[in-house]
Chemist: 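This is the structure, below, for whatever I ask next.
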Amino acid sequence: MHFARFNPIRFAHLPTPFEPLPGLTEHLARPGGGGPAVWVKRDDCTGLAGGGNKTRKLEFLLGDALANDADTLVTQGAIQSNHVRQTAAAAAKFGMKCEIVLEARTGSNAVDYNRSGNVLLDELLGATLRTVPGGTDMSLELAKVAAQVADAGGRPYVIPGGGSNAIGALGYAECAFELVAQANELGLEIDRIVTATGSAGTHAGLVAGLAVMGADIPVLGIGVRAPKKAQEANVFKLAVETAALLGHAERVTRDMVVADCDYVGTGYGLIDQAVIEALKLAARTDGILLDPVYSGKAMKGLIALSNAGAFDGETVVFLHTGGAQGLFGYQTELEGKL
Ligand SMILES: *Cc1c(COP(=O)(O)O)cnc(C)c1O
């Protein structure tokens with residue numbers, strides 16, 4: 001697939017490492033030889049100001065922004081958004097301004113949630129932050145900020161939440177090619193890929209990339225916010241749009257999109273004991289730092305499904321989407337529970 005056609009700007013540290021997780025694999029082993037062999041694709045190591053999955057999307061989005069002669073990136077996210085941090089870093093790196101709208105989505109009043117973790121880094125990176133209440137129409141807010149930037153003589157480029165449009169999702173179509181090439185080199189057969197799925201670009205890009213190349217590897221998205229029906233619909237729509245950019249929309253079929261949204265718990269960005277256990281397990285078996293909002297919830301799902309026998313005998317690749325910087329925003333909640 002010819003990704004250079006889309007003129008991405010190259011700044012991510014790629015390819016990201018692809019490694020086995022022997023400690024977690026041993027922990028998940030079930031009597032009679034069941035349980036999965038777990039590998040990890042280290043997209044927490046994409047290299048931009050702490051890294052994470054938004055960096056691959058931003059390579060394509062920045063390419064488009066610069067092609068459109070933009071001088072200001074405008075985007076939005078939850079207060080502890082990793083996407084906002086990576087966008088702020090990309091703006092800094094390319095001499096652009098960065099205007100951010102943060103949504104107080106979890107309703108937390110904790111000082112660490114509102115001031116530390118990703119928020120501290122956003123400010124360090126020089127982004128301009130404004131906060132709106134949970135439930136605000138964020139697309140409308142982005143349009144308002146973009147209009148203000150333009151009124152002041154700037155040239156705004158609006159990036160949707162999570163960088164999840166078809167241009168951004170190309171980054172994960174490309175990741176699918178990268179991962180399959182790594183597995184081929186190792187002679188490793190992948191039975192399934194497990195990833196957190198939120199604003200949908202990661203999941204959709206992977207599905208599109210795998211479908212376009214005909215890899216026949218199922219992807220399981222573990223939802224972090226929306227219910228299954230809505231999440232699958234969002235992912236499918238975006239996967240088709242992404243595959244269309246690659247010239248093969250027809251290769252994505254509805255059955256390729258599977259999300260399990262049973263591990264959200266009480267809501268987006270809210271953590272429960274099983275998430276804390278998942279954070280601890282990955283840290284203490286293989287020294288892997290997950291985040292409380294996305295990769296920790298995906299790991300909570302992976303552990304529960306594995307214990308129920310869902311992955312017996314499979315080689316499962318966990319896509320580590322990053323986010324450990326957000327841990328510091330959850331100090332109050334994690335204190336005394338680790
Ligand atoms: C944004 C994010 C996700 C979800 O990716 P989407 O493309 O929004 O579905 C997963 N993990 C982390 C750490 C994230 O920041």
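Indexing begins at 1, ligand by ligand and atom by atom, following the structure's order. Residue indices begin at 1 and follow the sequence shown.
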Chemist: Say whether, by atom type as modelled, one donor and one acceptor occur between the side chain of D44 and the main chain of L290 under 3.5 angstrom.
Modeler: no
Chemist: Looking at S164, which atoms of ligand 1 are within less than 4.0 Å of one of its heavy atoms?
Modeler: 7 (O)
Chemist: Ignoring hydrogens and geometry, is there a side-chain-to-backbone donor-acceptor pair from E103 to G135 under 3.5 Å?
Modeler: yes
Chemist: Look at the aromatic rings of W39 and F18 and report parallel, tilted or perpendicular, splitting at 30° and 60°.
Modeler: tilted
Chemist: Compare every heavy atom of A208 with every heavy atom of A243, then report the nearest pair and how far apart it is.
Modeler: N-CB, 3.9 Å
Chemist: Say whether T202, considering both its backbone and side-chain N or O atoms, lies within less than 3.5 Å of an N or O atom on ligand 1.
Modeler: yes
Chemist: Quick check: closest heavy atoms across T136 and E141, and the distance to 0.1 Å?
Modeler: CG2-CG, 3.4 Å
Chemist: Side chain, backbone, both or neither: which part of D291 has a heavy atom under 4.0 Å from ligand 1?
Modeler: side chain
Chemist: To check your reading of the model: name the closest protein heavy atom to atom 8 (O) of ligand 1, its residue, and the distance in Å.
Modeler: S199 OG, 2.5 Å
Chemist: T197 heavy atoms, cut-off 4.0 Å: which ligand 1 atoms fall inside?
Modeler: 9 (O)
Chemist: Consider ligand 1: state whether an atom of it lies below 4.0 angstrom from any non-hydrogen atom of G162.
Modeler: no
Chemist: What atoms of ligand 1 come closer than 4.0 angstrom to any heavy atom of G322?
Modeler: 13 (C)
Chemist: Using heavy atoms and a 4.0 Å limit, tell me yes or no: is G52 in contact with ligand 1?
Modeler: no
Chemist: Could you tell me whether N53 approaches ligand 1 through its side chain, its backbone, both or neither, with non-hydrogen atoms closer than 4.0 Å?
Modeler: side chain
Chemist: Under a 4.0 Å threshold between the charged nitrogen and the carboxylate oxygen, would R56 count as salt-bridged to E59?
Modeler: no
Chemist: Please report whether ligand 1 has a polar contact with T321, defined as an N or O pair separated by less than 3.5 Å (distance criterion only).
Modeler: yes
Chemist: Main chain of M213, side chain of H248: is a donor-acceptor contact present, judged purely on distance under 3.5 Å?
Modeler: no
Chemist: When K300 is tested against each of D262, D291, D272, D260 for salt bridge (Lys or Arg N to Asp or Glu O under 4.0 Å), which residue passes?
Modeler: D272
Chemist: Using a strict 4.0 Å cut-off to heavy atoms of G198, name the atoms of ligand 1 that fall inside it.
Modeler: 4 (C), 6 (P), 8 (O), 9 (O)
Chemist: Out of curiosity, L14 CG to T16 OG1, how far, rounded to the nearest 0.5 Å?
Modeler: 6.5 Å
Chemist: What about N82: any of its N or O atoms under 3.5 Å from an N or O on ligand 1?
Modeler: yes
Chemist: Regarding ligand 1, does K57 bring an N or O atom to under 3.5 Å of one of the ligand's N or O atoms?
Modeler: yes
Chemist: Checking a contact table here: which protein heavy atom is nearest atom 2 (C) of ligand 1, and how many Å away?
Modeler: K54 NZ, 2.4 Å
Chemist: Which of the numbered atoms in ligand 1 are below 4.0 angstrom from a heavy atom of G323?
Modeler: 13 (C)
Chemist: May I ask you to decide if G154's main-chain N or O and D71's side chain share a donor-acceptor pair within less than 3.5 Å?
Modeler: no
